[in-house]
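Report on the structure given below.
Chain letters run A, B, ... following the sequence lines, proteins first and then strands; every chain starts at 1. The figures that follow rest on heavy atoms only: side chains count, while hydrogens, waters and symmetry mates do not.
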There are 2 protein chains.
Amino acid sequence: MIEHDGTMTTSPTPRRAGRPPRTSRAQIVAAARKIIDTEGWEKLTLRRLAAQLGIGTTTLYHHVRDREDLLILLINDVVEQHPLSDVPTEPRDRIVAAATTMRDALAAAPWAAEVLATDGFLARVGPGAITLVETIVAAATEYGCTHEQAVRVFRSLWYFTVGEIVVRTRTARRPKDFRFAALGDLDPATHPQLVAIGDELWQRVSAGDHYEESLRAFVDGLLAQAIG
Amino acid sequence: MIEHDGTMTTSPTPRRAGRPPRTSRAQIVAAARKIIDTEGWEKLTLRRLAAQLGIGTTTLYHHVRDREDLLILLINDVVEQHPLSDVPTEPRDRIVAAATTMRDALAAAPWAAEVLATDGFLARVGPGAITLVETIVAAATEYGCTHEQAVRVFRSLWYFTVGEIVVRTRTARRPKDFRFAALGDLDPATHPQLVAIGDELWQRVSAGDHYEESLRAFVDGLLAQAIG
DNA sequence: ACCTGAACACCGTTCAAGT
DNA sequence: ACCTGAACACCGTTCAAGT
């Protein structure tokens, strides 16, 4: 059956009776990562993955519930590889560090945007991600938030992070000759500021990474609103 | 050919020579909305849409570039139906009003989450959405932001809004018996705050709509960071 | 207990041809 | 200029059967 605890079935520990498995979840994750790295994540299908593993497609269904389960498995793998290091003592900085770690892990998984837009994601996150949630909630509480306020702080930052990842992923895939829009072609009478800004500045700002700076503004705003 | 200006081909205005079209973009949008409303948005495929219109599937490709183009067409339609009303005079409130309008329009389009996670979205938004962008950027400028800061303010709020929509959509589709996670089952030694919060409070806070409140905190934080 | 091929029920998109 | 059916090249998932 499916081990949701991530147990590797190649473990030498004696298991339930029956035919021993030839395929482990660890092997599946490794093969999936190989496909993603060499062919691109869009090419990751259950059929290809089975072929890569040299097994029948339907065999995969003994190890993952469905395609979504596979993607979440991969996300948890990536999060596990991005541990929170150098935890700051100041609660405010700790929130920023934990959220930035979440962002960096998701940014390293180009398929995150698709997973985040599907059902039941938060229900299946692994221990690594849960620890980041605890870190943020605990820091907010330490700062003086009630439990309810702390949960709201987490959710707000989670929305911001998910949005940044979704938009970032889309932008990265964008063809080179892409232009946000012809801002210069807009009517200056109705859109004076966008015309004044122009395509060049817009694109330059969009290309920059201002996640942490905006995150800090958000944290400050949320904590000020909660504590006063 | 494809009219990206949204011109209805049923218009009585004389058009380029040739066989007159039997299908208009307006008809396509109407048929798509009917499928979404009656069968659910997941059932909206090009094949079904063509069947609904009583035309061949391939005929659709004369009116929309591809599936993504269709979805963006639908988004623009929804945004057009959610105009920004009662524009506040105070810049800060104007930003909040414009962002909330964006959110409300996207929340009314259950397929928005998928579109937002695909390529080239911002490049194809219609006039209604562009006006909301101008409103936010202009208000930030009026408050004292430079153009660069104003663009950053918009992008930050856009991330937050996209994330809220993506997470909200997923949560809405979630089966009734869903539980975020068994927070009570976590080890109190490693996750004391999450255990203390518990499933009941977490779910209650998650179910609530705190978009505008958090948005206001974000706007305050961003403007304070920019202006000091 | 684990693995399998065949089959089911679909997709989006392209192409050459019709009116 | 507009419309079309057939075909291409796939999908995820289920099922009954094998070892």
Side-chain angles (χ1 to χ4, degrees), chain A residues 1-3 7-11 13-28 31-32 35 39-74 111 114-115 117-120, chain B residues 1-3 7-11 13-28 31-32 35 39-74 111 114-115 117-120:
Chain A
M1 286 304 289
I2 299 169
E3 285 89 33
T7 307
M8 296 187 191
T9 51
T10 47
S11 151
T13 313
R15 294 167 49 80
R16 299 168 206 91
R19 180 170 167 175
R22 282 214 305 267
T23 312
S24 71
R25 295 199 112 198
Q27 283 173 346
I28 291 173
I35 290 174
E39 303 187 67
W41 110 260
E42 298 84 356
K43 298 292 184 183
L44 179 65
T45 64
L46 294 177
R47 286 172 132 97
R48 264 171 205 265
L49 179 55
Q52 172 76 239
L53 286 161
I55 62 174
T57 304
T58 50
T59 306
L60 278 174
Y61 283 85
H62 289 274
H63 301 277
V64 295
R65 191 196 305 167
D66 51 24
R67 184 182 142 81
E68 199 170 304
D69 196 49
L70 171 67
L71 295 179
I72 291 171
L73 201 65
L74 290 169
W111 64 94
E114 176 162 319
V115 178
T118 58
D119 291 353
Chain B
M1 287 302 290
I2 300 169
E3 285 90 33
T7 307
M8 294 186 194
T9 50
T10 47
S11 151
T13 313
R15 294 167 49 79
R16 301 168 206 92
R19 180 171 165 176
R22 282 215 304 269
T23 313
S24 70
R25 295 199 113 202
Q27 283 172 346
I28 291 173
I35 290 174
E39 303 188 69
W41 108 260
E42 299 83 357
K43 299 290 183 185
L44 178 65
T45 64
L46 295 177
R47 287 172 131 97
R48 264 171 205 266
L49 178 56
Q52 172 76 238
L53 286 161
I55 63 173
T57 305
T58 50
T59 305
L60 278 175
Y61 283 86
H62 289 274
H63 301 278
V64 295
R65 190 196 306 167
D66 50 24
R67 183 181 142 82
E68 200 171 304
D69 196 49
L70 171 67
L71 295 178
I72 291 172
L73 200 65
L74 289 169
W111 63 94
E114 175 162 319
V115 178
T118 59
D119 292 353

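You'll find the side chain of Val115(A) stays beyond 4.5 Å of the side chain of Leu74(A), heavy atoms only. Side-chain atoms of Leu70(A) and His63(A), non-hydrogen and from C-beta on, never get closer than 4.5 Å to each other. Glu39(A) has its side chain within reach of Arg48(A): a pair of non-hydrogen atoms, C-beta onward, lies under 4.5 Å apart. The closest side-chain heavy-atom distance from Leu44(A) to Trp111(A) is not below 4.5 Å.
The distance from atom CG of Leu44(A) to atom P of dC11(D) is 10 Å, rounded to the nearest whole Å. Between the CG atom of Leu70(B) and the P atom of dT13(C) there is a distance of 10 Å, rounded to whole Å. Taking atom CD of Gln27(B) as the reference point, atom P of dC2(D) lies 13 Å away to the nearest angstrom. With rounding to whole Å, Arg67(B) atom CZ is found 18 Å from dT14(C) atom C1'. One can place CD1 of Ile28(B) at 12 Å from C1' of dC2(D), the figure rounded to the nearest angstrom. One can place CZ of Arg48(B) at 18 Å from C1' of dT13(C), the figure rounded to the nearest angstrom. Rounded to whole angstrom, the span from the CD atom of Glu68(A) across to the P atom of dG12(D) amounts to 13 Å. Atom-to-atom, OH of Tyr61(A) to C1' of dT13(D) comes out at 4 Å; the value is rounded to the nearest Å.
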Could you pull out the protein-nucleic contacts involving nucleotides 4-8 of chain C (nitrogen or oxygen on both sides, under 3.5 Å)?
| residue | atom | partner | partner atom | Å |
| --- | --- | --- | --- | --- |
| dT4(C) | OP1 | Arg22(A) | NH2 | 3.4 |
| dT4(C) | OP2 | Gly56(A) | N | 2.9 |
| dT4(C) | OP2 | Thr59(A) | OG1 | 2.6 |
| dG5(C) | O6 | Thr58(A) | OG1 | 2.6 |

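Distance noted for atom P between dA9(D) and dA9(C): 24 Å (whole Å).
OP1 or OP2 of dC3(D) lies within a sub-4.0 Å distance of a side-chain N or O belonging to His63(B).
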Side chain to side chain contact (heavy atoms under 4.5 Å, CB included) between Leu53(B) and Leu60(B), intermediate numbers included: CA-CA 10 Å; Leu53(B) 286 161; Leu60(B) 278 175; 4.1 Å; yes
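Take Arg47(A) and apply the side-chain hydrogen bond (donor to acceptor under 3.5 Å, both in side chains) test, not counting sequence neighbours, and it matches no residue. Looking at residues two or more places apart in sequence or on another chain, you find a salt bridge (charged side-chain N to carboxylate O under 4.0 Å, His left out) between Arg67(A) and Glu114(A).
Once rounded to the nearest 0.5 Å, the distance linking NE2 of His62(B) with CD1 of Ile28(B) reads 11.0 Å.
Scanning all heavy atoms of the two residues, the minimum distance from Tyr61(B) to Leu46(B) falls at OH-CD1, 3.3 Å.
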Base-pair map of DNA chain D as dot-bracket, where | denotes pairing with a different strand and pairs are Watson-Crick or G-U under 3.5 Å: ||.|||||...|||||.||
